[in-house]
Amino acid sequence: MTTTAASSSSHHLSPAFPGRAPWGTASKLRAWQQGAMEKYLQEQPRDFLAVATPGAGKTTFALTLASWLLHHHVVQQVTVVAPTEHLKKQWAEAAARIGIKLDPEYSAGPLSKEYDGVAVTYAGVGGRPMLHRNRSEQRKTLVILDEIHHAGDSKSWGEACLEAFEPAARRLALTGTPFRSDTNPIPFVTYEEGQDGIRRSAADYTYGYGSALADGVVRPVIFLSYSGNMRWRTKAGDEIAARLGEPMTKDAISQAWRTALDPRGDWMPSVLRAADQRLTEVRKAIPDAGALVIASDQESARAYAKLIREITGSGATLVLSDDAGASKRIDEFSQSTDRWMVAVRMVSEGVDVPRLAVGVYATTISTPLFFAQAVGRFVRSRRRGETASVFLPTVPDLLGFANEMERERDHVLDKPKKDGGEEDPYAESEKEMDEANREQDEDTGEQDMLPFEALESDAVFDRVMYNGAEFGMQAHPGSEEEQDYLGIPGLLEPDQVQLLLQKRQAKQIAHSRKKPDTEADLLEMPAERRPVVSHKELMELRRQLNTMVGAYVHQSGKPHGVIHTELRRVCGGPPSAEATAGQLRQRIAKVQEWATRMK
């Protein structure tokens, strides 16, 4: 995002209100909220886009600004547009706490004089744009567009928002994830052309995850990744066995991933058991900490809830659809001290349950947008030192997203042209984005995309990812090595997390070295030497190695075979065709070193 000097300088300030206050009740604003307010009041723009990481307090900022604009008669009424039914009610409740009355049930006709405005959904605006246009024309209106990227979900929603709110006196757009994988323009967002000729969204104020983490406004996230052996039967009747994390084609990754998430295998029970142990450890420091499983569909969600009861002896709150009953269940869970909630997609964005500290990503949605929204459910900090833990399958895309938590992305309006037909890794199909953003949890039919039958699965603790670094060696569920990572204290400062993970890994390595080679039934190598790559990436590493060896042939005069043999002797491992990504990278570095010495 394009960020002004005013906004970027505020990143270095301490939060003015570090404790997690209920929405709209903070007596003081956090530093970023104050900085955004000052910038807005100084410029008084008609359109303003604020990008703030999930959990930073966008709602408090927006309602404080709304209160100021109403008090100074800049506007006469407020319209909040939210992605879901649950969120529009949440907005109305938050607004009421600072004296702004919004009607979340408004559908048509004159608004009662007791209200200062309405809270509606993007779908509601899409259905009756002229109703909201008339309201915006009759009285000076502030429109708050929450999670504005949803206005690009479909052409009709975008057009409806433009039609409905073009006459509005002021428009405040908010988002925590200001990027989309498609090129649908987002209404009321400014796009600026870069030196490469590509137009990208430009924010008026940006407060990213890295800045929020430094300020203690959000929690650091520890990702715990699990691999394991998967076996499934294809539509043609072929049985395939593969290990999560090994290089595979895109279709094979998809089927292995779905096999892991099948509740009838051993992978999900093992991961849920580990996540529950992690929750128990976290609750020693955060007594009301809760956990959430994000499931792909209703059938899986019910099965996961049943597994949780079998594992823990207690039931889980089950949230199956975005209806009034679901909102009530989320609210009740938020106010309780219950341990587990299982939900289908709808809890991935905007729902404020600050006590959620442990998550299980049990869905096959693999867009960076959805992943960022999902992880955003666990980062809302209430006091310094709280950590979040998210359990993942060892899948290349997910591990890539986990390692890029602090990366700020813009919405790219123009697709960059790739040489050689290479795909943009974030250019998912429109169909996948529709699936990721869908708020209802009906059966999506995704199980029919590549017909197959999951046969069996097991789980292996694979690695821990934190702050872009990877730690740990593979370990069996229930082993002492796995317990070392599950037992990390729930209250730690970010630098303490890094130090503790380094110590845990050093202990694992020392323990591994004492064991005879015959007892090493898992790949006993530190995570940073076991990069998880796709089949395509592995092919690229082999091509890169062959290119480097070819260049060294001309430089040294030695034959290809001699150089490859020497690389194997020095670095260890099998022939290139069977080498892992880590081994290939080692050999690439070694041949580069040799070539440099000869110059």
Side-chain angles (χ1 to χ4, degrees), residues 213 219-228 243-246 270-271 273-275 277-282 284-285 357-361 375 385-396 398-406 459-517 519-533 571-573 580-586 589:
L213 186 62
R219 298 170 179 153
V221 184
I222 303 166
F223 293 97
L224 299 99
S225 162
Y226 281 72
S227 65
R243 190 178 186 86
L244 272 185
E246 289 186 349
S270 296
V271 171
R273 199 172 289 113
Q277 288 177 25
R278 178 73 190 130
L279 179 62
T280 297
E281 183 62 41
V282 171
K284 291 177 184 176
V358 175
V360 178
Y361 194 89
V375 174
E386 289 184 343
T387 59
S389 304
V390 177
F391 289 72
L392 304 170
T394 301
V395 171
L398 299 187
L399 269 56
F401 302 154
N403 279 325
E404 294 179 347
M405 271 291 289
E406 296 191 21
V460 171
F461 170 77
D462 188 48
R463 69 191 63 210
V464 173
M465 287 155 291
Y466 175 71
N467 196 26
E470 301 186 10
F471 306 87
M473 298 195 295
Q474 294 189 334
H476 291 291
S479 65
E480 183 184 339
E481 289 84 359
E482 183 201 38
Q483 300 306 310
D484 273 348
Y485 291 101
L486 297 180
I488 292 170
L491 275 181
L492 286 173
E493 291 295 323
D495 56 341
Q496 293 175 319
V497 176
Q498 188 99 5
L499 190 63
L500 202 55
L501 288 170
Q502 288 168 345
K503 286 182 177 178
R504 292 286 198 270
Q505 177 165 280
K507 178 183 172 184
Q508 251 190 318
I509 292 170
H511 184 251
S512 170
R513 284 174 180 160
K514 291 176 184 175
K515 290 195 297 186
D517 289 345
E519 291 183 18
D521 61 337
L522 290 171
L523 186 59
E524 300 206 342
M525 192 184 290
E528 67 267 18
R529 293 183 61 195
R530 295 184 285 110
V532 175
V533 298
C571 301
T580 66
Q583 290 166 334
L584 290 170
R585 284 180 177 147
Q586 254 186 313

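The first residue in the sequence is number 1, and the count goes up from there. Worth saying up front: this structure is predicted, and the values here are computed from it rather than measured.
Side-chain atoms of Gln474 do not come within 3.5 Å of backbone N or O of Phe461 as any donor-acceptor pair. When atom types are taken as modelled, the side chain of Glu481 and the backbone of Ala475 share no donor-acceptor pair closer than 3.5 angstrom. Remark: side-chain polar atoms of Tyr485 are not paired, donor with acceptor, to backbone N or O of Arg463 under 3.5 angstrom. Panel note: side chain Arg504, backbone Asp484; a donor-acceptor pair is recorded below 3.5 Å. Of the possible polar contacts, none joining the Gln505 side chain to the Leu501 backbone as a donor-acceptor pair under 3.5 Å is found.
Thr394 meets the side-chain hydrogen bond (donor to acceptor under 3.5 Å, both in side chains) test with Ser225, Asp462; sequence neighbours excluded. For Glu246, the side-chain contact (heavy atoms from CB on, under 4.5 Å) partners are Arg243, not counting sequence neighbours. Ser389 pairs by the side-chain hydrogen bond (donor to acceptor under 3.5 Å, both in side chains) definition with Arg278, not counting sequence neighbours. Under the side-chain hydrogen bond (donor to acceptor under 3.5 Å, both in side chains) criterion, Glu493 pairs with Arg384, not counting sequence neighbours. Looking at residues two or more places apart in sequence or on another chain, you find a side-chain hydrogen bond (donor to acceptor under 3.5 Å, both in side chains) between Gln277 and Gln483. When the salt bridge (Lys or Arg N to Asp or Glu O under 4.0 Å) test is applied to Glu281, the partners found at least two apart in sequence or on another chain are Lys284.
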Check your understanding: Is there a side chain to side chain contact (heavy atoms under 4.5 Å, CB included) between Phe223 and Leu398 once you walk through the steps?
Key -> CA-CA 10 Å; Phe223 293 97; Leu398 299 187; over 6 Å; no
Exercise for review: List the steps, then state whether side chain to side chain contact (heavy atoms under 4.5 Å, CB included) holds for Val464 with Ile222.
Suggested key: CA-CA 7 Å; Val464 173; Ile222 303 166; 3.5 Å; yes
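Of all heavy-atom pairs spanning Tyr466 and Pro494, the tightest one is OH-O, 3.0 Å.
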